[in-house]
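All remarks here apply to the structure that follows.
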Amino acid sequence: MGEPYISYEGVEVCFTEFVYGLRDATVSFERGEFAFLVGKTGAGKSTLIKLLTREATPTKGKVTLAGRDITHLPDRLVPALRRSMGIVPQDFALLPRKRVWENVAYAMRAVGKSKKEVRQLVPQILEQVRIGHRADAFPHELSGGEQQRVAIGRALINNPPLLLADEPTGNLDPDHSWEIMELLKELNTKGTTVLVASHDMVVVEKMAKRIVKMEGGRVVSDTGKEMSNA
Amino acid sequence: MLDRIFFLLGEAFIALRRNGWMTFAAISTVAVSLFLLGGLGYVYLQVANAAQNMTGRFELRVMLKDGSKNFEISKTAADIRAIPGVKTVNWIPRDKAWQKFLTENPEHQKYVDIENPYPDSFKVILSDLKQTDQVIAKIKSFPAVSADEIQYLKSEQNLYVQIQAIVKWLGTALGGLLFVTGGILIYNAIRLSVLSRRLEIRNMQLVGASFLTIRIPFYIEGMVQGFVGGLLATLLLRAGHAVVDARVTQIWTTLPVFPTTTFLGILCAMGSVYGLICSMVAVRAPLRFR
């Protein structure tokens with residue numbers, strides 16, 4: 001068996017002397033997997049994701065992504081790292097003064113795509129996340145689920161092999177939550193590795209994917225990858 | 001490439017528009033500080049220039065001891081020429097000086113037969129008024145020089161030197177103080193821009209925009225503020241010069257033409273570089289990836 005796609009080995013994240021984000025966390029994920037990180041607030045699930053996006057750095061242990069050690073990645077390499085993944089934040093982080101298509105276009109322009117590429121790719125991305133029909137709407141005119149679709153669309157602009165979602169259904173009602181999960185599942189079937197931090201156990205169990213449970217910064221249970229491929 | 005430049009410029013101007021009042025405060029403070037620095041710098045140069053042009057009037061008359069021999073006169077002239085701050089040294093023979101006096105004062109022709117009371121002397125013109133005292137001290141030390149008989153307009157020379165010192169001090173103190181204040185305002189304006197654009201910045205950081213893509217709009221913003229400040233300062237100086245010129249012309253003389261292009265170049269370049277430096281300092285901490 002080859003090297004895992006994502007690997008955490010004995011990772012510790014210490015914020016202050018007595019406040020830990022993670023304690024000796026060891027877990028790995030294969031390419032193409034769909035996995036949930038679950039646990040109460042402060043369990044360490046978001047920290048685990050932040051180690052991959054380099055919003056947090058470990059005080060001990062090792063983090064690798066696609067065989068590359070990113071434990072102490074220099075700041076100047078962080079933008080390139082983030083272009084290799086899609087990040088979906090809990091609060092959507094949409095630009096309120098820009099329309100749906102402009103939100104995606106803006107992100108594309110920021111990573112250096114030309115106007116021509118933007119014109120060509122934005123409609124495709126919006127269709128991929130099934131929000132094309134609301135392309136001209138402003139974020140405040142959208143439902144929570146629609147806003148999350150736009151956020152997922154924005155995360156797809158670099159065509160990433162990895163999608164990280166931190167509480168993507170945290171602000172949504174059950175119906176919209178399920179829609180978002182279906183969308184993530186669809187992306188996963190096309191080959192994208194998906195890691196989702198969530199405390200919405202109803203949706204998580206319904207998805208029947210791999211579940212990594214965290215408590216007090218430690219991995220306390222892992223349903224294993226055989227389940228994620230079910 | 002052009003596409004990229006337009007994107008970055010667009011981002012910068014959005015930020016400038018969003019913080020209109022703060023931008024206005026930063027630009028106006030930079031303009032006033034550059035106006036003061038530039039204006040007092042201009043006055044300083046004019047005073048220095050005037051002093052330079054008037055050094056001929058501020059000549060020293062160095063009298064030599066009675067009975068100085070020709071070789072002593074030549075050696076003393078050479079020694080004086082070698083002193084730093086001395087521009088020219090002309091020997092005035094005692095006979096020539098006496099003749100000149102009688103020609104310029106015909107009423108004294110009746111004394112033509114008395115013994116020439118003039119000693120041999122030198123007319124010394126300085127290149128730098130500030131060195132007058134040192135030059136005189138040095139000249140007094142030469143053996144052929146009559147130490148008590150060096151004539152010069154000490155008070156007038158001192159006045160010019162003092163005016164230059166006051167202008168320089170005022171320029172450095174007031175202009176410098178306002179320049180620092182302008183810098184702090186640019187810093188604050190950029191910090192507010194970062195705050196008002198935090199969502200855009202977060203978006204850029206989420207999708208992996210490069211450090212420069214995120215920072216360049218703020219650098220442009222700082223440079224624009226400094227540049228416009230320099231532009232306004234030049235216009236203010238030009239207007240100020242015109243007003244002063246109109247007044248002075250009525251009572252005295254015409255002022256030299258104001259070098260608008262030179263000032264425009266210098267003040268705008270100074271403002272832009274200063275704005276760039278302030279914005280670079282301002283975005284360092286808040287734009288760290290986290």
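In what follows, every chain begins at residue 1, and chains take the letters A, B, ... in the order their sequences are listed. Both backbone and side-chain heavy atoms feed into the values below; hydrogens, waters and symmetry mates do not.
- Listed in order of number, the residues of residues 130-159 of chain A that approach chain B to under 4.5 Å between heavy atoms are A:R154, A:I157, A:N158.
- The contact between B:D3 and chain A is made by backbone and side chain atoms together, counting heavy-atom distances below 4.5 Å.
- Remark: of the listed residues A:K60, A:K62, A:R23, A:K60 is the sole one forming a salt bridge (charged side-chain N to carboxylate O under 4.0 Å, His left out) with A:E12.
- Using cut-offs of 30° and 60° for the angle between ring planes, the B:F258 and B:H241 rings count as tilted.
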**Request:** Just do the ring-ring contact (aromatic ring centres under 6.0 Å, His included) check on A:F36 and A:F34 with the steps written out, would you?
**Result:** CA-CA 7 Å; A:F36 285 101; A:F34 190 129; 5.2 Å; yes
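- Contact record, B:C268 with B:L231: SG-N, 3.5 Å, taken as the closest heavy-atom pair.
- When each of A:M108, A:R83, A:K113 is checked for heavy-atom pairs under 4.5 Å with chain B, A:R83 comes out on top.
- Below 30°, between 30° and 60°, or above 60°: for B:F7 and A:Y106 the angle between ring planes is between 30° and 60°, a tilted geometry.
- Using modelled atom types and a 3.5 Å distance limit, the side chains of A:D69 and A:T71 yield a donor-acceptor pair.
- Of the possible donor and acceptor atoms, one in the side chain of B:R198 sits under 3.5 Å from a partner among the backbone N and O of B:L195.
- Looking at A:L94, only its backbone comes within 4.5 Å of chain B, counting heavy atoms on both sides.
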